[in-house]
Amino acid sequence: MTSRTAAISHVGKIRANNQDSGYAGAHLFVVADGMGGHAGGDVASALAIQAIAHTDRAFGSAEEAEQALSAALLDANRELAETVFEHPELTGMGTTLSGLIRVGDKVVIAHIGDSRIYRWRDGELEQVTKDHTFVQRLVDSGRITADEAAVHPRRSVLMRVLGDVDINPEIDTMVLDTKPGDRWLLCSDGLSGYVGEEKIAELLAGIPEAGAAAEALVAESLDHGAPDNVTVVLVGVDGSDSSAASAPMMVGSASRPLTFEVDTARRGIRLPAILLHPLMTSVAENEHFEPESEEFLRELIAEDRRRRIRRRITWSVGITLIVALLVGAAVLGYRWTQSRYYVGVIDGNVAVYQGVQQGIGPIRLSSVYLETDVALDDLPPFSRQTVEATINADDLQDALSIVERLKRASD
Ligand code: CA
């Protein structure tokens with residue numbers, strides 16, 4: 001017996017509270033990643049999941065499920081706005097939401113934000129949702145590559161979420177085929193932002209049991225430092241009609257009773273952890289989301305351009321400095337070699353050379369300084385051998401006195 005669905009949510013290693021929520025029911029599966037300045041992220045994701053949980057039922061067709069799920073997301077958006085109206089201290093709260101309903105051999109998906117849904121099929125992992133982020137916009141318009149997006153300082157800026165900002169946010173929906181053996185992975189960016197797709201695919205391929213696979217995925221994120229909350233919902237498809245969890249599983253903030261109290265102390269970041277963690281800077285930026293507006297987009301693009309120019313300048317200054325240092329070192333090195341002398345042979349006569357015997361590739365680092373009239377053949381055999389092997393001198397004076405001694409020996 002293998003269980004086919006699993007849901008796990010972990011607070012991570014840095015954050016003080018879990019603002020993610022996850023849901024795994026009989027037909028519906030959801031991940032929501034809440035956010036909001038001083039408060040509200042956990043409220044937002046939990047509220048949103050509660051608001052759409054009624055779509056966890058059998059639908060007659062995928063189209064019907066698609067309509068219901070899309071409408072439920074808009075209802076959730078309205079409910080978030082109403083909650084903010086009643087609790088103004090929650091202003092600015094919002095949540096991503098990626099939901100999936102299985103209808104026979106189809107899955108229906110509704111999505112907003114940067115949580116992700118992947119399909120794993122025959123060992124291949126494919127991201128089926130598109131991130132509603134600023135960097136994804138830059139990738140789409142060809143300004144940066146996907147690799148650059150993954151490390152971009154603004155990678156967590158969201159362009160669309162459910163919240164109190166837009167009364168009619170644009171929600172992506174799609175209907176996709178599924179077949180026995182497929183696994184659908186829903187996750188927050190606490191997983192996808194820190195664990196590569198290759199590693200995710202490898203873990204899914206190696207662990208058939210859903211609970212163990214979900215645990216391994218979360219553990220992998222923890223191994224990478226898990227600066228953010230991590231939520232994983234895994235759905236395995238087999239021949240049966242529903243994915244039949246006994247009772248719906250709620251994880252993360254959706255698993256706790258909802259409270260609207262703003263506890264700033266609890267929502268702070270645990271200091272000792274942040275002091276120990278090198279990725280601390282990525283904690284604050286995850287809190288951020290912005291409504292989609294052309295003005296804001298233009299501002300971000302301008303900022304991105306400035307950043308690229310700064311980086312280019314930094315690079316060229318750096319490279320110039322390195323070249324200057326290398327040239328400087330070469331000049332100093334050459335000068336040093338030219339302060340050295342040795343005694344050797346030229347055309348059968350003893351000679352004083354300036355420089356060192358060694359060369360760099362084809363470059364010789366020595367030249368004849370003085371050719372004497374002392375013939376090599378006139379030297380005793382031992383002296384001849386040492387001259388042929390060259391004799392190092394401390395300086396020019398030393399070299400000349402070596403020549404003097406050799407001259408006496410040849411007489
Ligand atoms: Ca997150």
Side-chain angles (χ1 to χ4, degrees), residues 7-23 29-49 76 80 92-99 111-118 127 129-136 149-163 165 185-197 200 214 217-233 250-256 266-270 273-274 277 279-290:
I8 301 181
S9 190
H10 195 291
V11 67
K13 287 191 169 171
I14 303 266
R15 298 229 182 181
N17 70 331
N18 194 345
Q19 306 197 332
D20 283 2
S21 290
Y23 180 96
F29 307 89
V30 191
V31 162
D33 176 352
M35 62 209 74
H38 298 295
D42 47 357
V43 173
S45 68
L47 261 183
I49 283 195
L80 288 171
M93 75 170 175
T95 186
T96 73
L97 197 142
S98 300
H111 161 76
I112 185 165
D114 71 343
S115 296
R116 290 182 176 177
I117 299 182
Y118 291 95
Q127 182 185 344
T129 52
K130 182 174 247 195
D131 296 347
H132 298 144
T133 53
F134 164 62
V135 289
Q136 185 59 47
V151 295
H152 194 282
R154 290 284 204 160
R155 65 188 176 280
S156 298
V157 174
L158 289 169
M159 306 308 286
R160 281 192 242 164
V161 288
L162 299 180
V165 180
L185 168 66
L186 296 78
C187 66
S188 63
D189 65 339
L191 179 75
S192 54
Y194 303 95
V195 182
E197 289 182 6
I200 293 174
L217 290 167
V218 171
E220 188 66 26
S221 184
L222 292 173
D223 280 352
H224 284 77
D228 199 2
N229 308 144
V230 196
T231 301
V232 169
V233 173
M250 297 253 206
V251 295
S253 61
S255 67
R256 294 187 298 272
R266 191 173 59 86
R267 289 202 168 85
I269 289 162
R270 286 177 306 207
I274 212 172
H277 205 280
L279 285 174
M280 54 178 283
T281 50
S282 60
V283 177
E285 71 181 46
N286 274 325
E287 295 274 348
H288 199 71
F289 83 93
E290 289 288 341

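Indexing begins at 1, ligand by ligand and atom by atom, following the structure's order. The first residue in the sequence is number 1, and the count goes up from there.
Note on D228: its N/O/S atom closest to the Ca ion (ligand 1) is OD2. Looking at D33 and the Ca ion (ligand 1) together, the shortest N, O or S contact belongs to OD2. D189 contributes atom OD1 as its closest N/O/S atom to the Ca ion (ligand 1).
Minimum heavy-atom separation, A254 to S21: N-OG, 3.0 Å. N229 approaches R15 most closely through the heavy-atom pair ND2-CB, 3.7 Å. When all heavy atoms of M93 and G40 are compared, the pair lying nearest together is SD-O, 3.5 Å.
When each of D228, T96, D20 is checked for a side chain to side chain donor-acceptor pair (under 3.5 Å) with S188, only D20 meets the rule.
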